[in-house]
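Below is one structure, written out as structure tokens; the observations come after it.
Just so we're on the same page: letters track the sequence lines, and every chain starts at 1. All values below were derived from every heavy atom in this structure, side-chain atoms included, with hydrogens, water molecules and symmetry-related copies excluded.
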Amino acid sequence: MIEIRWHGRGGQGAKTAALLLADAAFATGLYVQGFPEYGPERMGAPITAYNRLDSKPIRVHSNIYSPDIVVIVDESLIGPVDVTAGLKSTGSVIVNTDRPPAAVREMFAGCTGAVYAIDANEISTRALGRALPNTPLLAAVARLSGIMPEDEFIRNMRDSFMHKFSSKPEVIEGNMNAIKEAWKGAVLL
Amino acid sequence: MSKRDRLSGNEAVATAIRQIDPDVIAAFPITPSTEIPQYISSFKAEGLIGTEFVTVESEHSAMSACIGASAAGARAMTATSSAGMALMYELLYVAASDRLPIVMAAVNRALSGPININADHSDSMGARDSGWIQIYSENAQEAYDNMLMAHRIAEHPDVMLPVMICQDGFITSHAVENVVIEDDSFVKGFVGEYRPEKYLLNPDEPLGVGPYSVSIFYMEIKRQQFEAMSKARAVIAQVSADFTAQTGREYGMLEKYRMDGAELAILIMSSAAGTGKDAVDILRAKGVKAGLVKLRVFRPFPAEDVAEALGGLKALGIMDRSDGFSACGGPLGAEVRAALYGKADGIRTINYIYGLGGRDMRTEDFEHIFGELAAMRDGGEAPDCRYQGVRE
């Protein structure tokens, strides 16, 4: 089982990303869970979302305390929230940041897992015209989790976007460009 | 042909409601059940259902509208949670005593205070004596399946009682999981047409529903409710067996998980049962004789099945996701202990209160509980009731 924990702020799409990842993984035949942890619902408040992906049915219904992958949608959460809490020693962190590698390494000085950096805001601004970091991060997670090859992921995401954005098809191509660019955009530090 | 899908618990229940296509739905939005009327509203707008969707101004009115519709002869449904269900309490008793087979999608959420939107069972436990049948679901699949069985149980001539299908707010209502969805035509065939024996809109047989009942009649009405609830046991078993035969998915009054040779077990309802099963597997791998019983049907209370399932255990943890503030445990604790008395004596029990207001329940919590049960089995002292996962 692969367990993924997303840290974002209300309005940044962490929950949507977790649900889209569940969608994409489901399409490969896996058993999936995608769920947010709900607190007070406000724009900008720290929120957590989760994914479990497995080849057999998933029964556990708790939050995730020992993730294989932690995704940090908003780097301002590092510090106020213990984002790497419980991360497996073989696990990975994916952080959305535009800082230089040395500065990012500094932020995760005590972290035993692998740290990947990706400038998801920049990718989405170029592809979509504004900073919607969740879809580029989704591509980075899909690659690092190894749940499916690139072409299959891109195909599945097109289906998911067409479903999710059926009322605003103009954003589908932008999102597709964002995930294509982001597939290899996460850099191991 | 059934279809493999991935849906949240609310989406799964809304899908069942679309397939059932009831005559009337009256609902008022409240977190975490709000999505259900939202989906129904979309289905209605898209012409996918012929349902009369009544947007009322409160839950009191929602249940009142369901009562009126059901008394008129319609198949009526609603959805609610927490304070919304509490606002219905008065009418829940009316629906049951008027013998109206209304079906409710209940998405369990804590009652205030402090105000909280997350899962526990205090809302439906507050309605436990209202005369409604209560069925609890572990995951989105069970919430969907239980919804497909609800009308057959409610509308059975031996029963004619309202049914609430419960699932845990957010934990399953907002979690996307794998779900098998049956064909629309299968659902229509399985659920069947509702043909009430007596109804208000029948000009050939004028009828009064819900009149004042003086002392010389009131108790007979209650005795008939008791009779109907007693007979519901056999009807639930029969409908569940038919569902299992047609879908391969097994349902009974309760589910026994690794109870063969178990010395220690927990009894639990809804989403945390799945987490408990994982904990039982972990403990069995370490040689601990652990098992789990998941209670699916809480009303009517299957006392004989409970005593049979638990007989032979040395120690039992009874898991309540609400506190009745009796100061000696929760509602499940009281009823399970009563079921064991004289039928399966000698089992030492601890009644755990857990998961209030959405407090997370992890496999580690269950391992801790089984540790306490083992200590009690080995002669250790233990309290009758204990809070699990609380800072104190």
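- When the shell of 6.0 Å around CD1 of B:Ile115 is examined, it contains 12 or fewer heavy atoms from other residues, nucleotides or ligands.
- With chain A as partner, the option from B:Gly355, B:Ala175, B:Gly358 having the largest number of non-hydrogen pairs under 4.5 angstrom is B:Ala175.
- Here CG of B:Asn118 is found 8.0 Å from CD of A:Glu37. Values are rounded to the nearest 0.5 Å.
- Considering only heavy-atom pairs separated by less than 4.5 Å from chain A, the leading option among B:Asn139, B:Thr275, B:Ile171, B:Asn116 is B:Thr275.
- Comparing B:Asp365, B:Asp5, B:Val176 by heavy-atom pairs within less than 4.5 Å of chain A, the highest count is held by B:Val176.
- Considering CD of B:Glu177 and CZ of A:Arg52, their distance stands at 10.0 Å, rounded to 0.5 Å.
- Within residues 103-114 of chain A, no residue has any heavy atom closer than 4.5 Å to a heavy atom of chain B.
- Heavy-atom contacts from other residues, nucleotides or ligands closer than 6.0 Å to NZ of B:Lys289 number 12 or fewer.
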Report task. I would like to know whether B:Arg6 and A:Asp23 meet side chain to side chain contact (heavy atoms under 4.5 Å, CB included); could you show each step before the answer? Result -> CA-CA 7 Å; B:Arg6 74 307 194 189; A:Asp23 248 18; 2.6 Å; yes
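- Only the side chain of B:Thr172 comes within less than 4.5 Å of a heavy atom of chain A; its backbone N, CA, C and O stay farther away.
- For residues 58-95 of chain A, a heavy-atom distance under 4.5 Å to chain B picks out A:Arg59, A:Val60, A:His61, A:Ser62, A:Asn63, A:Tyr65, given by residue number.
- Environment of CE in A:Met162: sparse, with no more than 12 heavy atoms of neighbouring residues, nucleotides or ligands closer than 6.0 Å.
- Across B:Asn178 and A:Leu30, no two heavy atoms sit closer than the pair ND2-O, 3.2 Å.
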Requested in this report: Take B:Arg4 and A:Phe26, measure what side chain to side chain contact (heavy atoms under 4.5 Å, CB included) needs, and give me the verdict at the end.
Outcome: CA-CA 10 Å; B:Arg4 199 179 152 270; A:Phe26 168 82; 3.2 Å; yes
